[in-house]
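Worksheet: the structure to be examined is printed underneath.
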Amino acid sequence: MNPPATVYPVKSAFAAETRITRDEYQRLYAQSLQQPDAFWGKVAERLDWMKAPTRIKDTSFELKDFRIRWFDDGELNASVNCLDRHLETRGDKTALIFEPDSPDAPAQRISYRELHERVCKLANALRALGVGKGDRVTIYLPMIPEAAIAMLACARIGAVHMVVFGGFAANSIADRVSDSGSKLIITADEGLRAGRKVALKANVDAALKLPGTNSVETVLVVRHTRAAVDMQMPRDRWYDAVVDDQPVQCEPERMNAEDPLFILYTSGSTGKPKGVLHTTGGYLVYVSYTHEAVFDLREDDVYWCTADVGWVTGHSYIVYGPLANGATALVFEGVPTWPDASRFWQVIDKHRVTIFYTAPTAIRALMREGEGPVQATSRKSLRLLGTVGEPINPEAWRWYYEVVGDSRCPIVDTWWQTENGGILISALPGATDLKPGSATLPFFGVQPAIVDTHGKRIEGEGEGNLVILDSWPGQMRTVYGDHQRFIDTYFRTYPGTYFTGDGCRRDADGYYWITGRVDDVINVSGHRIGTAEVESALVSHDKVAEAAVVGFPHDIKGQGIYAYVTLIAGEQPSEALRAELVKHVRAEIGPIAAPDHLQWAPGLPKTRSGKIMRRILRKIAEAGSSELAPDQLGDTSTLADPSVVDSLVQERRVP
Ligand code: 6R9
């Protein structure tokens with residue numbers, strides 16, 4: 001069915017100098033499964049512990065005996081591991097390079113010494129404002145150094161940070177603030193993206209007017225664009241005013257390995273976003289080790305991950321992994337296509353970036369602009385490329401490899417999820433031959449398996465649902481405030497295993513090919529959007545009676561959002577109303593959730609028991625402008641009213 005993929009063998013330059021060779025990968029992988037305590041106990045020595053762990057792995061996915069605990073008598077502080085321990089040997093080394101939105105604004109280089117000072121000062125300020133161990137702090141910032149500083153300052157005092165992506169609107173902020181019970185919010189006057197201003201502080205103000213947000217006592221505001229913003233004293237305080245006079249040393253909190261480090265909300269197939277909770281020891285061991293191994297990290301690397309800190313990739317592979325490893329990480333505020341489509345490549349030349357990690361959607365968008373903007377730059381500094389967030393189509397892979405990397409740099413296609421903490425399936429550049437579109441092989445300690453819909457294991461070649469058989473240190477520990485939902489979502493579908501929600505194929509070489517979500521989650525430009533959230537935003541509009549949302553293939557975004565809307569009786573469809581509804585979703589959730597297509601649906605296809613048959617809606621949306629014969633819709637015999645489908649097929653929007 002699938003023709004054999006082209007294989008790109010390990011480059012000799014990598015094979016010769018790598019940390020992990022092909023043989024070592026096999027030996028260590030086997031050891032990681034056979035002797036997990038010995039394996040991870042040794043790996044954990046890479047961190048500085050205040051009390052070294054003697055217990056390593058204590059986990060079970062069996063429902064009657066469920067537990068996930070790693071290194072659970074160990075004590076450490078994440079900020080000490082990311083900062084203090086580098087001061088002696090790397091004090092003057094650049095920890096963060098900040099490249100602002102505008103290429104005309106000066107870049108900044110922040111050394112480990114300076115970063116340590118700035119984190120300590122903010123940590124002291126937070127303590128002075130009454131924030132302590134276990135308190136939740138919301139971070140709603142643009143991609144500026146303060147975002148990393150805020151996360152590390154929370155970690156220093158044992159506060160649990162909860163970062164909200166700057167593209168989310170007031171309602172989404174309020175939901176998250178309320179669910180997490182945050183005491184303090186760190187934001188900025190405004191963000192900047194492609195020269196446009198994002199009204200962050202105003203969004204926070206609007207969020208705090210919504211119910212459930214009373215827990216917030218203080219809002220710290222970073223002066224970024226220096227725009228005039230409404231400051232409500234005594235609640236709102238300027239960041240610099242509270243931080244400037246603080247001492248440059250701050251006693252770190254001793255944290256148990258299993259104490260929470262952060263909460264990050266992510267969309268699922270049902271209900272509100274889940275607060276994914278990660279703890280300190282296992283998470284830090286895992287992100288630091290994967291960052292070093294997958295990116296074959298060397299001391300003089302300049303590493304750039306283009307993700308936003310509002311997503312897990314930013315947490316694990318801009319902040320915690322790289323800084324725990326004493327690396328130099330670039331923080332970029334802008335977008336790939338502004339002022340023009342060569343910005344990424346110009347930034348690579350400007351800062352001599354050696355490792356570049358981005359999303360397939362960005363590659364596809366830039367590929368559309370042709371080779372010119374890439375060829376105008378040198379990119380000679382690059383030695384390794386990476387992708388994350390969604391499956392990469394082989395055409396985009398080849399363009400990335402040949403045009404961006406001049407056929408010189410391996411590509412690590414890294415598959416993982418917010419829930420996983422760090423990379424689970426990826427090539428190691430000195431050990432793994434590459435196949436375009438495959439995330440290749442599991443990382444140490446990771447046991448993927450493929451099951452059919454009944455949970456029967458598929459061995460060897462085959463396709464089905466991807467599960468993981470045993471725990472790894474970076475795994476999430478619970479859904480904040482709802483442990484039952486954690487168990488029900490991930491461990492009940494295929495008992496005894498962690499269910500990823502992804503479909504997957506394994507080829508004859510044992511390589512994994514992720515085929516995308518198998519649940520009601522849409523992956524838009526690498527961002528997870530729950531169809532249920534977009535539907536509830538649509539029905540919150542007073543002219544909407546009912547809505548159903550599905551994904552459809554989109555050239556740039558990977559998947560786009562297709563909404564079917566039934567209006568309340570008496571309301572007439574119009575272009576103006578269509579635009580109003582799209583705007584409504586932007587305002588309710590944020591721009592990333594705005595439907596690409598909105599089709600009026602006089603009725604929705606339902607079963608006799610009233611369940612919407614999304615499978616049919618998906619087929620209609622996927623068909624686009626191509627012919628759609630009735631037999632292509634699959635089994636429609638359980639429909640309550642088959643005529644509904646005919647009218648939807650006739651009136652479909654052509655994406
Ligand atoms: C890290 C991150 C997770 C979902 C995941 C899958 C998709 C991520 C991928 C990939 C194919 C890759 N995904 N990486 N699919 N190949 N290399 O993206 O986390 O935002 O939680 O999304 O993204 O569908 O289930 P998150």
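None of these values were measured; they are calculated from a predicted model. Whatever order the structure lists them in is the order used to number ligands and atoms, beginning at 1.
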**Message:** Over 60° means perpendicular and under 30° means parallel, so tell me whether H291 and Y303 are parallel, tilted or perpendicular.
**Reply:** perpendicular
**Prompt:** Any idea how Y283 and F262 line up, ring-wise: parallel (<30°), tilted (30 to 60°), or perpendicular (>60°)?
**Reply:** perpendicular
**Complete:** Contacts of T290 meeting side chain to side chain donor-acceptor pair (under 3.5 Å) (sequence neighbours excluded), chain-then-number -> Y317
Go ahead and list the nitrogen or oxygen contacts between ligand 1 and the protein that come in under 3.5 Å, distances to 0.1 Å, or just say none.
unit_1: ligand 1; atom_1: 13 (N); unit_2: G389; atom_2: O; d: 3.3
unit_1: ligand 1; atom_1: 14 (N); unit_2: G389; atom_2: N; d: 3.1
unit_1: ligand 1; atom_1: 15 (N); unit_2: P391; atom_2: N; d: 3.4
unit_1: ligand 1; atom_1: 16 (N); unit_2: E390; atom_2: O; d: 3.4
unit_1: ligand 1; atom_1: 17 (N); unit_2: D413; atom_2: OD1; d: 2.7
unit_1: ligand 1; atom_1: 17 (N); unit_2: T414; atom_2: O; d: 2.8
unit_1: ligand 1; atom_1: 19 (O); unit_2: T418; atom_2: N; d: 3.4
unit_1: ligand 1; atom_1: 21 (O); unit_2: T418; atom_2: N; d: 2.8
unit_1: ligand 1; atom_1: 21 (O); unit_2: T418; atom_2: OG1; d: 2.5
unit_1: ligand 1; atom_1: 21 (O); unit_2: R528; atom_2: NH1; d: 2.8
unit_1: ligand 1; atom_1: 23 (O); unit_2: G389; atom_2: O; d: 3.2
unit_1: ligand 1; atom_1: 23 (O); unit_2: N523; atom_2: ND2; d: 3.4
unit_1: ligand 1; atom_1: 24 (O); unit_2: D502; atom_2: OD1; d: 2.7
unit_1: ligand 1; atom_1: 24 (O); unit_2: D502; atom_2: OD2; d: 3.2
unit_1: ligand 1; atom_1: 25 (O); unit_2: Q417; atom_2: NE2; d: 2.9
unit_1: ligand 1; atom_1: 25 (O); unit_2: D502; atom_2: OD1; d: 3.2
unit_1: ligand 1; atom_1: 25 (O); unit_2: D502; atom_2: OD2; d: 2.7
unit_1: ligand 1; atom_1: 25 (O); unit_2: R517; atom_2: NH1; d: 2.8

**Message:** Quick one about N523 and Q559 (side-chain donor to acceptor, distance below 3.5 Å, no hydrogens or angles considered), yes or no?
**Reply:** no
**Request:** Carefully, step by step, assess K274 and D482 under the rule salt bridge (Lys or Arg N to Asp or Glu O under 4.0 Å).
**Result:** CA-CA 9 Å; K274 296 181 281 279; D482 196 348; over 6 Å; no
**Prompt:** Are the charged groups of R343 and E99 less than 4.0 angstrom apart, N to O?
**Reply:** yes
